[in-house]
Structures are given as C-alpha cells and as structure tokens.
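One structure is given below, encoded as structure tokens.
So you know, we letter chains A, B, ... as the sequences are listed, proteins then strands, and number each from 1.
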2 protein chains.
Amino acid sequence: MPHYHAIVDNQMQSPTWKDPVTAADRVLLEIQRAIVEGQIAPGSKISEPELAKRYDLSRAPLREALARLERCHLIERIPNAGARVVKLSVAGLVSLYQLRETLEGLACRLAAEHMTDAEIAQVQQLLDQHLSTQRVREGESYYQEAGDVDFHYRVILGSKNPYLINLLCDELYFIVRMYRVQLGMNGPRVSRAFDEHKAIINAIANRDGELADLLMRRHIGASRRNIETHFKQPHFKQPHFK
Amino acid sequence: MPHYHAIVDNQMQSPTWKDPVTAADRVLLEIQRAIVEGQIAPGSKISEPELAKRYDLSRAPLREALARLERCHLIERIPNAGARVVKLSVAGLVSLYQLRETLEGLACRLAAEHMTDAEIAQVQQLLDQHLSTQRVREGESYYQEAGDVDFHYRVILGSKNPYLINLLCDELYFIVRMYRVQLGMNGPRVSRAFDEHKAIINAIANRDGELADLLMRRHIGASRRNIETHFKQPHFKQPHFK
DNA sequence: CGCAAATATTTCGCATACAAAAATATTTTA
DNA sequence: TAAAATATTTTTGTATGCGAAATATTTGCG
C-alpha cells in the first residue's frame, strides 16, 4: 500500500496536522469527514444535543469542535440560533478558487525561494512515484486525489510561511475538498494534472518563482473550471431549498 | 467627532463585525484589545482560571473566546498545556505582510471589477474628508490609523469575496494591528499614505485592476519596511526570552 | 551541592446542571 | 377562518464540579 494512501485517510501526519489527542479533536475529524462527504447534508441544521448523543460525548467538547468547523468554513453559526452546514454554490466556488489561485501562487513564489534542493528533489521523485502507481492502478481516482493533495501540500510547506501554511492546510483544505468530493471530481484530468505538477516543480527547481506562480494559478484555474462544469450536470443534485 | 473615530473604538460596526451579543463576544473584544495593546505581554501564559476571575465570568464563555483568539493568531494553544500570547518577531512580520500584500492586491483587482461607481465615489470623498480633518488635527496619529484602516476596509469589502473579506477583516486584522501598535507606528508616512491611497482608488475607478494591485502591494510593502526598521530601535523593548 | 525521582498542586478537558433566548405549538380573538 | 397573542418546548449560552494531565515543588540519593 503506497504511503500516500494514508494521507487522506488518517489526516496527513505532518508538521501541520498533529494527531488527535483530545476528545474534541477526534469528534472534529469525524464530523469534518461527514460534512465533506455529504453524510450531513449541506444547509442542514446542526443540533448540539443530537450530535452529542450521536458521537457519545457531552456538549462541551462538541462546541469546541463546532468552533473549529466554523473556522474551516464548513458550518456557519448564528448567536443564540445555532449552526448550519454550508451550502455549495457556484459563487462560493469561484470566490474560494480566486483565493486559492492567489495563495498557492504565492506559495510557489516563496517555495522557489525557500525550498532546499533536497526538498525539491524529494517532490520530484514523489511525482514519478505517483505516476508509476497511477499507471498500475488505472482509473482509481482515489489515488489521483491523494497524489494531488500530496503535491500541493509539499509546495505549500515549502513556502515556509506559517500563516500561509495554516491558511491553506487547515482553514481552506476541507471546504475545497468538500466541493471536489460532493461534485464527484473523480476521473479525468489525471495525466494532464501530472504534467502540470511536473512543470511547476521544475520551475521551482530552476528558482523561477514567477513562472511557478503563473503555472500554479493556471493549474488551479483549470481545476476550478473543471469543477464548475459539474454544477449543472447530472452528478450533482441541486440543493433542495427549504 | 468624525465618524471614523468610532471605527477603531467600537469595533467598526459593519457587514463583518456584528456587535457583541453573548458574554463570550464581549470578553473576546476586551482580551483582543488587551493583547493588541500589550497589556497582556507577548509570550505570557494565559491562565483560564485567572482570566475567568479577572473578567468575572465562568470558564465556558472564556474558552469560547480563547478559541477565537487562536483563530486570529493572537494566542497559541497546546492541548492539555494551555495558551500563550504570540511573540512578535521580524520573521513573523515578514510572513504576515507577504500574505497581506498578496491578499490586498487581490482585493484591489476584484474591487476594480466589482465595486459600483457609487461605492468608489464614496471612498474618494472619504479620502478627501480624512485629508481635511488630518490637516486640522496635525500630528494626531490616531486619526491617521483610523483613516488607513477605513480605506483598506472599504477596498476589501469592495472585492465582494466573502472568504477574502473574512480573512483580512476578521483573522488577520488584529495581529497586523498588534504589530503596528506595539512597535509604536504613530507618526510619519502620513501624507505619503494618503497619496498612495488616492492613487489606488483612482486605479480602481479606472477599472485598472492590475495597476491597483501593483500599487497596493507597493503600499503595503512600504508599510512593512517602515515597521521593520522599528524592531531594532529604542521604541521597542526586545522580547525578554524566558 | 547538584541532579533525579517522587509527591503535591495547579490547570486543562469534559460532564452535568441551570438559565435565558428561540422556535414551535396552542389558544384566543377579530 | 385567519391572524395575533400567549404558552410550551426545545436549544443555546453559562455556571459548577470532577478526573486526568501537566507543571511546580519537595525529597532523596549520588
């Protein structure tokens, strides 16, 4: 089993994601998964007593978890009223990806400046590794997403900017993933994404931050348009307003 | 009393900052102020029991407030260990302003695209207003900061991007302000800032997002260098490591 | 006297309990 | 019958209490 299997599963053991120690940590991960995968429907109300019972803990740690869910934009809270799971929308997707393009572009520029040669080489061999395993297990989109996440993750860490890392890996990661998962972003764009990744890391290896920035923004822009087209298509059941 | 006096004082009544309704909201504002102004020293430990007693409430709403303080990067929490006020550093300042440059640059590009003519005109007359009152009350740096905050705030809102607005106005605003306040960023750079603001809003008025982006990044870059020089100077007492 | 182990104390995390506000259901009235 | 007003129930916000983990202190030993 390739090691990046674990990346999406047990939450990417790494500088940023420390393993859950408290009960609030654990329930946070569970609810995050449930929301991202749509098991808790977008727009649905979050009942504290119900979830507390459902996950078998008191409301105290649950509320801690809710605070962090709000932080990563998976729920919206209104004082004295309660929390609701966010609804997905084209406008939201565009806003989110505008931000992502800019931020990951910045990450590239900084990575070109701050990554060591060793780190860069590591990412390059990682890409080759992904490519080979992807060829072996053709069609398994799961691996593609893991590989994609892994690549972006490395570049972001390479920026060495704590604010940027926290933002992309902790605050925006899950809502981005929610869009991808709920709109069924499996399948295509696989080999093309690999090529784009390669071009980006090469630019970084050449210490060409400007180019890496440009390529990354283009890469993410393509990804956005790819998701955008899925909104009006059979894959996605439009939110039933209520 | 000019209306923007109230902006820094009672927390900028606006789309983003809803007035405190719960007890946690109120204590959050108080502690935010205390940290930003250095009344609670950088690096010092946050004792929940102590603060609960100090602000006369139970630990429940206090912990809610602490969660949000962590969200805006004013404290750092370690599970089972507690929270500490962040320490200021040159590296932190640089990382923060790298992010700010990029984000507010993006805000400018989007503002040039999405702001209505009316909104733009409003900002322009706001600048004139600031300029006149600034001339009257020469040297009062307080007004300058309020005016600066006000300008940036308008442009950010003008982007119409909810993620970007939340990020800059809620999550990064206070830590940016902490650097400025604790390094004694009163004084100079006043008239120059006004000119730069004017140039930016004019670019937006001309729907020249690229130029507005560039000017804003330059504007913030200048601000960063201005603060950076203060780190090694008498104004700031270097953190006493401990 | 210095350092390490053991104890004591503080502090955090979580559960329970209560109060206030919202939401819902019910009754009353036009 | 429909709308307004009131009552009931649910849910959120806050307070208190207890157990576990971490920190501080003391004790014992080299």
Side-chain angles (χ1 to χ4, degrees), chain A residues 11 17-32 34-35 40-41 43-87 170 241-242, chain B residues 11 17-32 34-35 40-87 170 240-242:
Chain A
Q11 300 302 326
W17 291 350
K18 45 274 166 212
D19 45 8
V21 45
T22 167
D25 290 339
R26 279 187 293 275
V27 74
L28 172 66
L29 292 180
E30 287 203 61
I31 301 181
Q32 267 177 342
I35 291 180
I40 304 179
S44 64
K45 188 169 185 324
I46 296 284
S47 165
E48 291 184 10
E50 181 196 325
L51 281 189
K53 174 158 55 74
R54 201 164 173 294
Y55 291 101
D56 193 48
L57 36 65
S58 90
R59 279 178 52 216
L62 183 79
R63 283 174 66 88
E64 172 77 31
L66 291 185
R68 299 194 216 165
L69 284 174
E70 184 183 28
R71 181 175 177 175
C72 51
H73 306 278
L74 291 182
I75 67 172
E76 288 167 350
R77 296 177 96 185
I78 297 170
N80 285 319
R84 309 192 80 89
V85 178
V86 294
K87 290 185 200 163
D170 297 341
F241 290 105
K242 148 61 185 310
Chain B
Q11 301 301 326
W17 288 353
K18 45 270 166 218
D19 45 8
V21 46
T22 167
D25 291 337
R26 280 187 293 276
V27 76
L28 171 66
L29 292 180
E30 288 203 62
I31 300 180
Q32 267 177 343
I35 292 180
I40 304 179
S44 64
K45 188 170 186 323
I46 296 283
S47 166
E48 291 184 9
E50 181 197 325
L51 280 189
K53 172 160 56 74
R54 199 163 173 295
Y55 291 101
D56 192 49
L57 36 65
S58 91
R59 279 177 51 216
L62 184 78
R63 283 173 65 87
E64 172 76 31
L66 290 184
R68 298 195 217 165
L69 283 174
E70 184 183 28
R71 181 176 177 175
C72 51
H73 306 278
L74 291 183
I75 67 173
E76 287 167 351
R77 296 175 98 186
I78 298 171
N80 284 320
R84 308 192 80 90
V85 177
V86 294
K87 290 185 200 162
D170 296 342
H240 31 287
F241 289 105
K242 147 63 185 311

| task | Classify the nucleic acid contact of L66(B) as base, sugar-phosphate or nothing, counting any heavy atom under 4.0 Å across all strands shown. | result | nothing
Find the distance [X]:[atom1] to [N]:[atom2] and express it as a whole number of Å.
X      : N       : atom1 : atom2 : answer
L62(B) : dT14(D) : CG    : P     : 11 Å
R77(B) : dT11(C) : CZ    : P     : 16 Å
E64(A) : dA15(C) : CD    : C1'   : 15 Å
E70(A) : dT12(D) : CD    : P     : 14 Å
Y55(A) : dC14(C) : OH    : C1'   : 19 Å
D25(A) : dC14(C) : CG    : C1'   : 13 Å
L57(A) : dA15(C) : CG    : P     : 6 Å
E50(B) : dT10(C) : CD    : C1'   : 13 Å

| Lys/Arg N to Asp/Glu carboxylate O, R59(A) vs E48(A), below 4.0 Å | yes
| message | Please determine whether a side-chain nitrogen of the Lys or Arg among D25(B) and R68(B) lies less than 4.0 Å from a carboxylate oxygen of the Asp or Glu. | response |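 R68(B) and D25(B): salt-bridged.
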Verify the contact: side-chain N or O of [X] to OP1 or OP2 of [N], cut-off strictly under 4.0 Å; return yes or no.
X      : N       : answer
T22(A) : dC14(C) : yes
S58(B) : dT14(D) : no
R63(A) : dT12(D) : no

Check whether any side-chain heavy atom of [X] sits under 4.5 Å from a side-chain heavy atom of [Y], and report yes or no.
X      : Y      : answer
R84(A) : E76(A) : no
L51(B) : I31(B) : yes
R77(A) : E70(A) : yes

Interface polar pairs with nucleotides 20-25 of chain D, N/O, under 3.5 angstrom:
none

Report the nucleotide, chosen from [options], that has the shortest atom-to-atom distance to any side-chain atom of [X].
X      : options                   : value
E48(B) : dC12(C), dT14(D), dT12(D) : dC12(C)
R59(B) : dA15(D), dA15(C), dG17(D) : dG17(D)
A60(A) : dC14(C), dT11(D), dG13(C) : dC14(C)

| message | Tell me whether the count of non-hydrogen atoms from other residues, nucleotides or ligands lying under 6.0 Å of NZ in K53(A) goes above 12. | response | no
| field | Heavy-atom closest pair, residues S44(A) and A41(A) | value |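 Heavy atoms of S44(A) and A41(A) come nearest at OG-O, 2.6 Å.
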